[in-house]
Participant: 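Following this message is one structure expressed as structure tokens.
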Amino acid sequence: MPWVGIKDATANHGRTINSTVQTVTHEGIANSSARVLPANTVCLSRTASVGYVVVMGVPMATSQDFVNWVCGPDLDHLYLKFVLQLERSTLLRFASGTTHQTIYFPEAKAFHALLPNLAEQRRIIGVLGSIDDKIESNRRRAEGAEQLLDLLASGVASMGSVPLGELVEVDRKSCSPAALGETLVDHFSLPAFDADRLPARTEGESIKSNKLVVATESVLVSRLNPSTNRTWFAVPDGGRLAVASTEFMVLRPAAGVGFGSIWLAVRDQLFRSELGQRATGTSGSHQRVRPADVLTIEVPDVRALPAAEQDEAQGLLRLAHQARSESRTLAELRDALLPELLSGRLRVPEAEELAEVAT
């Protein structure tokens with residue numbers, strides 16, 4: 001039986017899910033306080049990572065980290081999902097606790113929401129759902145492009161090898177974003193990678209430590225816990241400062257090498273394995289590789305790749321980035337339309353025109 005946990009919610013915020021990271025037996029359900037909930041149940045995470053929303057695509061059970069709603073005949077489950085998405089920042093105000101923020105059940109049971117008639121709910125869902133469908137399509141495009149890149153990476157493993165340092169240049173310039181005050185900064189952080197592989201757009205003053213400057217297109221390789229493969233094609237927006245966590249190495253191709261080729265080199269399985277073996281640290285959750293060690297690890301000599309394959313890899317990288325960037329723009333439009341539609345300030349036909357232009 002699928003078992004919805006926090007990882008499922010944070011990785012699939014706003015989506016309908018049909019499988020989960022963990023499962024539980026029916027016997028386990030029978031001997032616990034959990035119960036199996038029907039498809040279309042709306043789940044809101046209430047502890048640790050508060051405010052993430054998912055919808056069950058099939059019958060599932062959840063941990064106690066969730067408040068779950070089974071909608072009656074006057075409430076469309078997708079309308080409720082959009083309401084909870086809209087009010088995430090508001091919901092956080094109801095969380096309490098010093099170590100782990102939690103929304104307790106009495107507060108959750110007291111939530112109220114404006115409820116138009118069912119036909120109007122479904123018209124609103126139609127507008128917002130068309131945007132979500134395009135976002136989901138872009139997600140599949142990006143993942144498909146990266147799967148093809150990994151297939152290409154497996155094909156270069158038989159090439160002669162060289163130390164990574166022969167193929168890349170390392171950007172080490174750092175800065176203090178906090179000095180920029182309220183100016184927006186694009187922050188390539190580990191949480192941002194895990195969320196949607198796009199930099200977090202945040203005020204500089206909220207970033208308290210020095211970060212690495214990402215001045216041009218770069219390949220980021222995480223040194224922290226390298227058993228988790230966090231390889232990132234970073235494309236800064238020229239209109240604002242872009243910075244990366246110091247847990248990353250900011251790599252640019254050396255002369256005669258392309259970004260696609262560097263990507264294939266650092267996705268090589270032998271490189272990934274060696275990266276993990278060179279990690280050191282006292283805690284299993286904070287294992288790091290020293291930058292100098294990363295550069296000495298042998299990788300396929302991708303300079304020997306035919307030009308067509310280098311171009312293909314570069315094109316796939318850009319396709320994945322473009323799909324994710326477009327999804328961010330669409331999500332911003334959806335989030336802007338949400339309060340206007342739910343409040344009645346914007347009528348559905350007007351919103352349909354805006355959504356049609358965007359998608």
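Values below: every heavy atom of this structure, side chains too, minus hydrogens, waters and symmetry copies.
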Participant: Test L164 against every option in V170, T296, L251, L275 by the side chain to side chain contact (heavy atoms under 4.5 Å, CB included) rule and name the one that passes.
Facilitator: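 Result for side chain to side chain contact (heavy atoms under 4.5 Å, CB included) with L164: L251.
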Participant: Under a 3.5 Å distance rule, please check whether W3 uses its side chain to pair with a backbone N or O of T20 as donor and acceptor.
Facilitator: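 Not a single qualifying donor-acceptor pair exists.
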Participant: Check this for me: R201, atom CZ, are more than 12 non-hydrogen atoms of other residues, nucleotides or ligands nearer than 6.0 Å?
Facilitator: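 Atom CZ in R201 is crowded, with more than 12 foreign heavy atoms closer than 6.0 Å.
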Participant: Is there a chain of hydrophobic side chains (I, L, V, M, F, W, Y, each step under 4.5 Å between heavy atoms) that links L118 to V42?
Facilitator: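 Each belongs to a different hydrophobic cluster.
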Participant: Under a 4.5 Å cut-off applied to non-hydrogen side-chain atoms, are L128 and L337 in contact?
Facilitator: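 Answer yes - side chains close enough.
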Participant: State yes or no: do V235 and V168 share one hydrophobic cluster built from I, L, V, M, F, W and Y residues joined by side-chain heavy-atom distances below 4.5 Å, directly or via other members?
Facilitator: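 Both belong to a single hydrophobic cluster.
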Participant: Determine the minimum heavy-atom distance between V156 and P300, stating which atoms define it.
Facilitator: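 Scanning both residues completely, I find the closest heavy atoms to be O-CB, 3.2 Å.
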Participant: Does any donor atom in the side chain of Q121 or D76 lie under 3.5 Å from an acceptor atom in the other side chain?
Facilitator: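 No, because no side-chain N or O of Q121 sits under 3.5 Å from a partner of the opposite role on D76.
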Participant: Taking side chain as C-beta onward, heavy atoms only, is I262 less than 4.5 Å from L167?
Facilitator: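 Contact flag for I262/L167 side chains = yes.
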Participant: Nearest heavy-atom pair of R230 and L190: which atoms, and what distance?
Facilitator: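 Heavy atoms of R230 and L190 come nearest at CD-CD2, 3.6 Å.
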Participant: Is E143 salt-bridged to R140, going by a charged N under 4.0 Å from an acidic O?
Facilitator: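 Looking at R140 together with E143, the answer is no, because their closest N to O distance does not fall below 4.0 Å.
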Participant: Between D196 and R139, does at least one N-O distance fall below 4.0 Å, as a salt bridge requires?
Facilitator: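 So D196 does not pair with R139 through a salt bridge.
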Participant: The test is side-chain contact (heavy atoms from CB on, under 4.5 Å); show your working for Y79 and L342 and say whether it passes.
Facilitator: CA-CA 9 Å; Y79 180 83; L342 299 188; 3.4 Å; yes
Participant: Are any side-chain N or O atoms of D237 and backbone N or O atoms of R240, one a donor and one an acceptor, separated by less than 3.5 Å?
Facilitator: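 Checked: no pair found.
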Participant: Please name the pair of heavy atoms, one in N31 and one in E27, separated by the smallest distance, quoted to 0.1 Å.
Facilitator: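 Closest heavy-atom pair between N31 and E27: ND2-O, 2.8 Å.
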Participant: Around atom CD of Q269, are there more than 12 heavy atoms of other residues, nucleotides or ligands at under 6.0 Å?
Facilitator: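 At most 12 heavy atoms, drawn from other residues, nucleotides or ligands, come within 6.0 Å of this atom.
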Participant: So, E120 side chain and N117 main chain: donor-acceptor pair closer than 3.5 Å or not?
Facilitator: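 A pair under 3.5 Å: no.
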Participant: Which pair of heavy atoms, one from V302 and one from M159, lies closest together, and at what distance?
Facilitator: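 Result for this residue pair: CA-SD, 4.3 Å.
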Participant: Around E356, counting heavy atoms of other residues, nucleotides and ligands shown, do more than 12 lie under 6.0 Å from its CD?
Facilitator: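 No - once you tally the heavy atoms of other residues, nucleotides and ligands closer than 6.0 Å, there are 12 at most.
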Participant: Establish, yes or no, whether a centroid distance under 6.0 Å links the rings of F233 and W263.
Facilitator: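 No, they do not, as the ring centres are separated by 6.0 Å or more.
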Participant: Can you confirm whether F188 sits close enough to L212 that some side-chain heavy atom of one is under 4.5 Å from a side-chain heavy atom of the other?
Facilitator: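 The answer is no; the side chains never approach within 4.5 Å.
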Participant: Taking the side chain as C-beta and beyond, is there a heavy-atom pair between L180 and V185 under 4.5 Å?
Facilitator: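 L180 reaches V185 side chain to side chain.
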Participant: Is a side-chain donor or acceptor of D268 paired with a backbone partner of F271 at a separation under 3.5 angstrom?
Facilitator: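 Here the side-chain-to-backbone pair exists.
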Participant: Would R318 and E217 count as a salt bridge (Lys or Arg N to Asp or Glu O under 4.0 Å) if you check the C-alpha gap in whole Å, the side-chain angles of each, and the deciding distance to 0.1 Å?
Facilitator: CA-CA 11 Å; R318 296 197 185 285; E217 292 182 343; 2.6 Å; yes
Participant: Any non-hydrogen side-chain atom of R123 less than 4.5 Å from a side-chain atom of V127?
Facilitator: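 Sidechains of V127 and R123: no contact.
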Participant: Strictly distance-based, threshold 3.5 Å: is any side-chain N or O of K81 a donor or acceptor partner for the main-chain N or O of G14?
Facilitator: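 Judged by distance alone, yes, a pair lies under 3.5 Å.
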Participant: Taking C-beta and beyond as the side chain, do F82 and L341 meet within less than 4.5 Å on heavy atoms?
Facilitator: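 When only atoms from C-beta onward are counted, L341 and F82 do not touch, as no gap falls below 4.5 Å.
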Participant: Please tell me whether V289 and V266 are part of a single hydrophobic cluster in this structure, the criterion being side-chain heavy atoms less than 4.5 Å apart.
Facilitator: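 Same cluster.
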Participant: Has the side chain of H187 got a donor or acceptor atom that lies under 3.5 Å from a matching backbone atom of P199?
Facilitator: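 No.
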Participant: Do L220 and M249 touch side chain to side chain, with heavy atoms closer than 4.5 Å?
Facilitator: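 With C-beta onward as the side chain, the pair stays apart.
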Participant: Going only through I, L, V, M, F, W and Y residues with side-chain contacts under 4.5 Å, is there a path from L115 to L44?
Facilitator: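 Linked, L115 and L44 end up in one cluster.
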Participant: Under the side-chain contact (heavy atoms from CB on, under 4.5 Å) criterion, do V219 and T231 qualify, and how do the steps go?
Facilitator: CA-CA 7 Å; V219 174; T231 311; 4.1 Å; yes
Participant: Pick out which of R334, Q85, R15 makes a side-chain hydrogen bond (donor to acceptor under 3.5 Å, both in side chains) with D132.
Facilitator: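 Of the listed options, the one satisfying the test is R334.
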Participant: Should L86 and L91 be counted in the same cluster of Ile, Leu, Val, Met, Phe, Trp and Tyr side chains packed under 4.5 Å apart?
Facilitator: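 Yes, one cluster joins them.
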Participant: Has the side chain of E274 got a donor or acceptor atom that lies under 3.5 Å from a matching backbone atom of E298?
Facilitator: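 No; zero donor-acceptor contacts below 3.5 Å.
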Participant: Under 3.5 Å, is there a donor-acceptor pair between the side chain of D194 and the main chain of P191?
Facilitator: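 Answer holds: no.
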Participant: Does a sphere of radius 6.0 Å around CG in L114 hold more than 12 heavy atoms from other residues, nucleotides or ligands, not counting ones at 6.0 Å or beyond?
Facilitator: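 It does not: L114 CG has 12 such atoms or fewer within range.
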Participant: Is the distance between the ring centroids of F248 and F193 less than 6.0 Å?
Facilitator: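 Between F193 and F248, which both carry aromatic rings, the centre distance is not below 6.0 Å.
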Participant: Is D335 close to E332 at the side-chain level, that is, under 4.5 Å between some pair of heavy atoms?
Facilitator: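 In short, these two side chains do not touch, never coming nearer than 4.5 Å.
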Participant: Ignoring hydrogens, what is the shortest heavy-atom contact between R267 and R272? Give both atom names and the distance.
Facilitator: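 Heavy atoms of R267 and R272 come nearest at O-CG, 4.0 Å.
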Participant: Take a 6.0 Å sphere around CZ of R345 and say whether it holds more than 12 heavy atoms from other residues, nucleotides or ligands.
Facilitator: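 Correct, the count exceeds 12.
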Participant: Please confirm whether the backbone N or O of T102 pairs with a side-chain atom of R46, one donor and one acceptor, at under 3.5 Å?
Facilitator: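 No, because the side chain of R46 does not come within donor-acceptor range (under 3.5 Å) of the backbone of T102.
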Participant: Can you tell me which residue among T41, V4, V67 is in a side chain to side chain contact (heavy atoms under 4.5 Å, CB included) with T62?
Facilitator: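 The single option meeting the side chain to side chain contact (heavy atoms under 4.5 Å, CB included) with T62 is V4.
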Participant: Check the pair N40 / C71 against side-chain contact (heavy atoms from CB on, under 4.5 Å), numbers first and verdict last.
Facilitator: CA-CA 8 Å; N40 298 334; C71 297; over 6 Å; no
Participant: Is the CD atom of E340 crowded by more than 12 outside heavy atoms at less than 6.0 Å?
Facilitator: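 Above 12, so yes.
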Participant: Where is the tightest heavy-atom contact between W69 and A108, given as atom of each residue plus distance?
Facilitator: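 Closest approach of W69 to A108: CZ2-O, 4.3 Å.
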Participant: Examine the side chains of S45 and D65 and answer whether a donor and an acceptor come within less than 3.5 Å of each other.
Facilitator: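 The criterion, which ignores hydrogens and geometry beyond distance, is not satisfied for D65 and S45.
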Participant: With no hydrogens and no angle check, is any side-chain donor or acceptor of R88 less than 3.5 Å from a backbone partner on V50?
Facilitator: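 Indeed, once roles are kept as given, a pair shorter than 3.5 Å links the two residues.
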Participant: Any ion pair linking R303 and D301 (charged N to carboxylate O, less than 4.0 Å)?
Facilitator: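 Yes, charged N to carboxylate O under 4.0 Å.
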